[in-house]
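Below you'll find the structure, written out as structure tokens, and then a few comments.
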Amino acid sequence: MADLFPAGSGAGACSDPDQQLAARLEEAERAGRPLRIKLGIDPTGSDIHLGHSLLFRKLRAFQDAGHIAVLIIGDFTARIGDPTGKSATRVQLSAAAVEANAATYLQQLGQGQDPERALLDFETPGRLEVRRNSEWLTGLDLPQVIELLGISTVGQMLAKEDFSNRYGSGAPISLHEFLYPLLQGYDSVQVQADLELGGTDQKFNVAMGRDLQRHFGQRPQFGMLLPILPGLDGVQKMSKSLGNTVGLAEDPLSMYSKLEKVPDAVVDDYLTLLTDLDMADLPQNPRERQKLMALEITQARHGGPAAAAAQVDAAKLVAGAAGSGAAAAEVPEASLAAVNFPAKAFYLLSAVGLCASSSEARRQIQGGGVKLDGEKLADPNQEFAGPEVLAGKVLQLGKKTFRRLVAG
RNA sequence: GGGUCGGUGCCCGAGUGGUUAAUGGGGGCGGACUGUAAAUCCGCUGGCUCUGCCUACGUUGGUUCAAAUCCAACCCGGCCCA
């Protein structure tokens with residue numbers, strides 16, 4: 001299933017990619033030296049989602065086969081921003097934000113967590129190296145930067161689709177963005193990667209790594225490019241900025257119910273890329289298939305019982321039995337401690353975080369989208385005297401969003 | 001550096017002195033409906049414990065009873081030239 005990417009931009013015919021990878025694996029075996037498998041992530045967001053997780057699954061497979069996962073936290077490059085797939089220059093992040101994101105990433109990948117559910121193997125000695133690219137990028141001096149810049153050409157950069165689109169449409173391209181592929185490639189040099197994992201959209205950057213390694217006298221890495229996971233909309237790639245993601249940190253119910261609604265066209269992609277199920281024994285009925293997919297993926301993250309409960313609860317929510325009973329058990333809690341009483345209904349909604357603003361809350365109530373313990377709230381100005389009249393009740397926005405109110 | 005065009009709400013994009021919180025589309029949210037979704041129809045889509053008040057059309061000043069709309073300076077971007 002993996003799209004193997006060998007040979008790169010070098011002249012001449014490339015031989016069969018599979019054989020090349022096989023050759024490297026064999027060679028490693030013979031020499032008793034595990035391969036160094038590079039995977040870089042830029043801590044630009046706060047959460048890892050399923051679109052990332054297929055890369056980590058592959059990385060884990062290499063770990064399990066005895067190779068070394070070299071996880072590169074792009075704490076330096078994150079501050080430049082990968083231009084890939086971007087139609088505009090990305091805003092630069094602060095060092096503190098990047099550091100916080102990096103910590104969350106590691107935690108979500110399973111550092112310090114139950115090894116059963118961890119995405120990567122943090123336990124077995126020698127199977128994981130976590131490196132930050134600020135380690136070597138911060139110290140580059142100008143002559144070194146110039147050397148890097150000399151390795152590529154403007155023509156090559158403009159051949160990259162994202163740049164040429166932007167250039168063609170008159171959108172701005174900052175010069176420092178050209179540095180991104182070079183720095184990512186330089187990471188490969190620094191960690192002496194034998195193989196780099198990435199999405200197919202990383203082809204340019206991975207190829208650049210090969211060029212740089214060759215320039216610095218190393219054997220060019222093998223590029224293994226995996227398919228891009230479609231997002232929940234079934235059309236665009238899964239991406240935080242498109243809002244079509246399922247985050248690894250999400251609770252079982254959210255995770256399950258999002259997955260259960262994915263368009264039929266991508267259900268099989270999810271099954272192939274995110275589960276180990278054998279496609280041959282799956283139910284033919286599309287709805288059944290979809291539910292099984294959602295259950296399986298939720299289970300991998302949260303365990304069997306939690307996933308099963310989420311499936312039951314999701315069904316209840318859809319049936320309209322929401323807001324009370326068993327489904328409510330999974331509902332996130334919201335504290336009333338910060339609410340000033342007496343509280344009007346619209347203010348309560350925003351104070352508790354169900355709505356982004358009190359004005360929005362007012363509109364939602366007027367639009368008939370808010371329920372308290374299953375009963376529709378009609379008047380945005382309805383007053384609640386104190387926490388005791390609300391504690392334990394479930395506040396609901398639309399069909400899918402709930403908060404169980406708790407005192408204190 | 002010179003010339004020129006432009007910077008409007010989440011995004012795109014109207015509006016060139018006065019019912020303008022600002023047309024329209026997209027997206028989003030809510031409602032109805034359906035096997036989830038999709039499609040369709042309807043409503044909402046600045047903020048504030050809100051019968052009112054407050055901020056908004058790159059920034060800062062200015063002209064005017066009145067400015068997103070006029071003027072000035074500045075900032076940012078596209079294109080052409082250097």
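FYI, side chains are in, hydrogens and waters are out, and symmetry mates aren't considered; it's all heavy atoms of this structure. Convention: sequence-line order gives letters A, B, ...; per-chain numbering from 1. The model shown is predicted, which means the values in this text are computed figures rather than measured ones.
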With a 4.0 Å cutoff (strictly under), does any side-chain N or O of Arg363(A) reach OP1 or OP2 of G47(B)?
yes
Closest approach to the side chain of [X], judged atom by atom: which nucleotide of [options] is it?
X         : options                : result
Ser358(A) : U36(B), U49(B), A32(B) : U49(B)
Lys399(A) : C33(B), C50(B), G78(B) : C33(B)
Arg362(A) : G30(B), U49(B), C50(B) : C50(B)
Lys261(A) : G30(B), A37(B), U49(B) : A37(B)
Asn340(A) : U49(B), C48(B), C29(B) : U49(B)

Integer angstrom distance from the [atom1] of [N] to that of [M]:
N      : M      : atom1 : value
G35(B) : C42(B) : C1'   : 24 Å
C11(B) : A82(B) : P     : 36 Å
G13(B) : G25(B) : C1'   : 8 Å
U8(B)  : G2(B)  : P     : 25 Å
G9(B)  : G28(B) : C1'   : 14 Å
A56(B) : A21(B) : C1'   : 8 Å
G61(B) : U51(B) : C1'   : 37 Å
U19(B) : U34(B) : P     : 46 Å

Roughly, in whole Å, what's the span from [atom1] in [X] to [atom2] in [N]?
X         : N      : atom1 : atom2 : value
Leu354(A) : C29(B) : CG    : C1'   : 13 Å
Leu232(A) : G27(B) : CG    : P     : 16 Å
Glu360(A) : C44(B) : CD    : P     : 15 Å
Leu377(A) : G31(B) : CG    : P     : 13 Å
Gln366(A) : U51(B) : CD    : P     : 13 Å
Gln364(A) : G30(B) : CD    : C1'   : 5 Å
Phe346(A) : C50(B) : CZ    : P     : 6 Å
Lys344(A) : U49(B) : NZ    : P     : 10 Å

Report the residue (Glu383(A) or Lys376(A)) whose heavy-atom-nearest nucleotide on RNA chain B is the more 5′ of the two.
Lys376(A)
Pick the nucleotide of RNA chain B nearest each of Val262(A) and Phe341(A); which residue has the one closer to the 5' end?
Val262(A)
Name the nucleic acid region contacted by [X], choosing base, sugar-phosphate or nothing; use a 4.0 angstrom heavy-atom cut-off, strictly under.
X         : answer
Pro342(A) : base
Asn381(A) : nothing
Gln290(A) : base

Could you check whether any side-chain N or O of Gln144(A) sits under 3.5 Å from a backbone N or O of Asp141(A), counting only pairs where one atom can act as donor and the other as acceptor?
yes
With sequence neighbours excluded, residues passing ring pair (Phe, Tyr, Trp, His ring centres under 6.0 Å) with Phe341(A):
none
Going by purine N1 to pyrimidine N3 plus the second Watson-Crick contact, or the G-U wobble pair, all under 3.5 Å, which nucleotide sits opposite [N]?
N      : answer
C41(B) : G31(B)
U36(B) : none
C70(B) : G62(B)
G1(B)  : C81(B)
G9(B)  : none

Return yes if the base of C48(B) and the side-chain atoms of Ser357(A) contain a donor-acceptor N/O pair under 3.5 Å, otherwise no.
no
Taking atom types as modelled, find out whether Tyr180(A) and Asp42(A) have a side-chain donor-acceptor pair closer than 3.5 angstrom.
yes
For Asp278(A), the salt bridge (charged side-chain N to carboxylate O under 4.0 Å, His left out) test, sequence neighbours excluded, returns none
Looking at Glu129(A), I want to see if its CD is surrounded by more than 12 non-hydrogen atoms of other residues, nucleotides or ligands under 6.0 Å.
yes
So for atom CD, which belongs to Gln382(A), do other residues, nucleotides or ligands contribute more than 12 heavy atoms lying within a distance under 6.0 Å?
yes
Evaluate side chain to side chain contact (heavy atoms under 4.5 Å, CB included) for Leu348(A) paired with Leu336(A), printing each intermediate quantity in order.
CA-CA 9 Å; Leu348(A) 180 71; Leu336(A) 293 168; 4.1 Å; yes
